[in-house]
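So you know, we letter chains A, B, ... as the sequences are listed, proteins then strands, and number each from 1. Worth saying up front: this structure is predicted, and the values here are computed from it rather than measured.
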Amino acid sequence: MRIIHPVPYGRYLAVALILLAAGFIVKSFAEGQVDWSVTWRYLFWPNILMGLVNTIWMSILCMAIGIAIGLASALARESVNPVLRGASIFYTWFFRGAPLILQLLLWYNLALIFPRISLFGFYDARTVDIITPAVAALLAFGLNAGAYASEIIRAGLLGVDRGQFEAAKAIGMTNSVALRRIVIPQAMRTVLPPLGNEFISLIKMTSLASIIGFSDLLRSVQNIYFINTRIIEMLMVATVWYLFVVTILSIFQHRLEARFGRGFAKGGRR
Amino acid sequence: MSDRSVPIPLVRARGVGKSFHGSAALTDIDIDVHQGEVVCLIGPSGSGKTTFLRCINQLETYDKGAIWLDGELLGYKETGDALRPLSEREIAGQRSKTGMVFQRFNLFPHLTALQNITEGPVRVLRQDRARAEASAMQLLRRVGLEEKAPAYPSELSGGQQQRIAIARALAMQPQLMLFDEPTSALDPELVGDVLNVMRDLAGTGMTMLVVTHEMAFAREVGDRVVVMDRGRVVEAGPASEVMTYPKEERTRNFLRLVSRA
């Protein structure tokens, strides 16, 4: 007897709709009033590249701060010390709870609360001199990223079987060595995808820093279209660069995932 | 035979007690394990065998009595007339003198079989890698898994994983090997390979304390058997004697239940 498979009408319909939508988008951009030669000309403009570099280093530094604080906060949260636990809970509560743009403005206007910053008499300076737009952005994005990373890393640590910790201790490892060599490498596997997500959203969030005068990619694009009025063309320049950076990051993330997936049944190189 | 002075036991437990949230898990445990002896801990589940084993390895703390390993008090130090808990580093040092084999193997899944074995010697004993790898290969040969050196645990059967776990523990050159129901999580046809490795190990004179439900193994390989029930030692003695002519009613009941299974 012959097997007759049902015709997948639903799938054909979906393909047709997607092709239609794609065609529509391509057509409208081709016909629309976008002068692509302007976009192309400004793509490698020195000021744009400067903005791009600023966006990249700001994102990387904030993510590094975020991961460092996030790890500390996650460990504090799982500690037996109730004060550490409380501090960690308070930290994530505040820095996840308050809107990011508000945190950015608070840090930037810190001088209104503390006109001078002093480190026990060793160092003393006017707050406005220290809290530049870049410093305010680092503090705001770094602390915010840390609050999210804390929960992501904590989930990863909790996901590692308790027996792993015991086996590590049984061969004489101290807590910190067991954590570094045995538990964290295994947690990486589950932590990387959401952390990559976090990094990508951080790259885009750094554009908020343009409101306090940090010269990031978006700001450098705006500076030019305020003068040449080619708004859409310039926004396309920024779009291209943001997508480029995110693509590079995704490739990097994929490699890391393969690296830390070794030994686990699916995915990853043997 | 004039030199038969009683040697100090490698493990000496006196009056060991432990309670979880007010209910006693261990009460007044006295157990000695002498150098080169194989002692099997048997008894119904929940009788405290595993808890006692974990106290020796300090994965649990005991709150009454004392345990000495090779004359050294475990977990505490005597200062004047008081006992103070050891630091984490000191406890880690004491732990590295005992090897532990877990019921569920607990191999490190992100490391190959070889790396599982070299991890302790390299990170804890600070051996150089080449030397650690050479002795790891010897251990792999000893447990019959030389060709599995580059394999990850997920690619090995339960029996193979447990043999790697034994090699991992041996790599630390322990004075004492602790086995926590090492064959309970295995498919029946894989039990034999693991027991063979343990039998060979006993033959080399390794001191072993084995929590087990394998009565044939206890009878054949065990020098002595300790029967536990409800956190207490019910009976202890030479394996053949205790298992053939048990003195205590509770031992008889347990052996009858096990033999019926």
Side-chain angles (χ1 to χ4, degrees), chain A residues 71-72 75-76 78-81 84 152-153 155-195 253-270, chain B residues 50 53-54 56-60 87-113 115-126 150-156 161 164-165 167-174 177-180 185:
Chain A
L71 179 61
L75 292 175
E78 293 307 310
S79 137
V80 287
N81 183 333
L84 285 179
I152 291 172
I153 293 171
L157 295 177
L158 289 177
V160 178
D161 182 36
R162 252 211 89 64
Q164 290 293 310
F165 210 63
E166 292 192 343
K169 285 182 156 185
I171 55 173
M173 287 187 176
T174 55
N175 281 330
S176 61
V177 176
L179 212 54
R180 216 171 49 236
R181 296 288 309 171
I182 305 300
V183 178
I184 290 177
Q186 291 183 56
M188 287 294 268
R189 204 172 59 96
T190 45
V191 159
L192 277 173
L195 219 49
Q253 181 185 340
H254 183 79
R255 292 230 174 125
L256 267 185
E257 279 176 28
R259 165 72 183 76
F260 284 100
R262 277 190 291 186
F264 290 87
K266 252 188 180 171
R269 197 173 55 90
R270 263 249 303 108
Chain B
T50 292
L53 204 69
R54 289 166 62 87
I56 295 178
N57 207 18
Q58 302 187 63
L59 291 173
E60 307 280 358
S87 73
E88 192 217 332
R89 191 166 293 275
E90 290 168 316
I91 289 175
Q94 289 187 335
R95 270 198 198 108
S96 66
K97 294 176 191 164
T98 60
M100 178 90 169
V101 176
F102 298 88
Q103 185 179 355
R104 305 213 56 90
F105 333 134
N106 296 358
L107 286 182
F108 306 131
H110 61 304
L111 302 178
T112 63
Q115 289 168 335
N116 263 278
I117 300 171
T118 55
E119 188 69 7
V122 171
R123 300 286 154 189
V124 179
L125 302 179
R126 308 235 167 254
Y152 284 95
S154 60
E155 299 161 332
L156 302 171
Q161 289 190 50
I164 301 288
R168 174 177 69 179
L170 289 174
M172 296 299 290
Q173 292 165 318
M177 284 288 283
L178 304 169
F179 292 85
D180 183 11

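When all heavy atoms of Phe264(A) and Pro109(B) are compared, the closest pair comes out as CZ-CG, 3.8 Å. Listed here is the closest heavy atom pair of Ala167(A) and Phe108(B): CB-CE2, 3.9 Å.
Of the two parts of Phe102(B), only the side chain, counted from C-beta on, holds a non-hydrogen atom closer than 4.5 Å to a non-hydrogen atom of chain A. Only the side chain of Arg123(B) has a heavy atom closer than 4.5 Å to any heavy atom of chain A. Interface remark: Leu107(B) contributes backbone atoms only to the contact with chain A (heavy atom separation under 4.5 Å).
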Should Met100(B) and Glu166(A) be marked as a side chain to side chain contact (heavy atoms under 4.5 Å, CB included) after you check the CA-CA gap, both sets of side-chain angles, and the distance that decides it? CA-CA 10 Å; Met100(B) 178 90 169; Glu166(A) 292 192 343; over 6 Å; no

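Contact count versus chain A (heavy atoms, under 4.5 Å) is highest, among Leu178(B), Asn106(B), Leu111(B), Thr98(B), for Asn106(B).
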What pairs of donor and acceptor atoms, side-chain ones from residues 169-178 of chain A against any protein atom, are under 3.5 angstrom apart with sequence neighbours left out?
{"from": "Lys169(A)", "atom 1": "NZ", "to": "Asn175(A)", "atom 2": "OD1", "distance (Å)": "3.4"}
{"from": "Asn175(A)", "atom 1": "ND2", "to": "Glu88(B)", "atom 2": "OE2", "distance (Å)": "3.4"}

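Identified under the salt bridge (charged side-chain N to carboxylate O under 4.0 Å, His left out) test for residues 170-182 of chain A, with sequence neighbours left out: Arg181(A)-Glu119(B).
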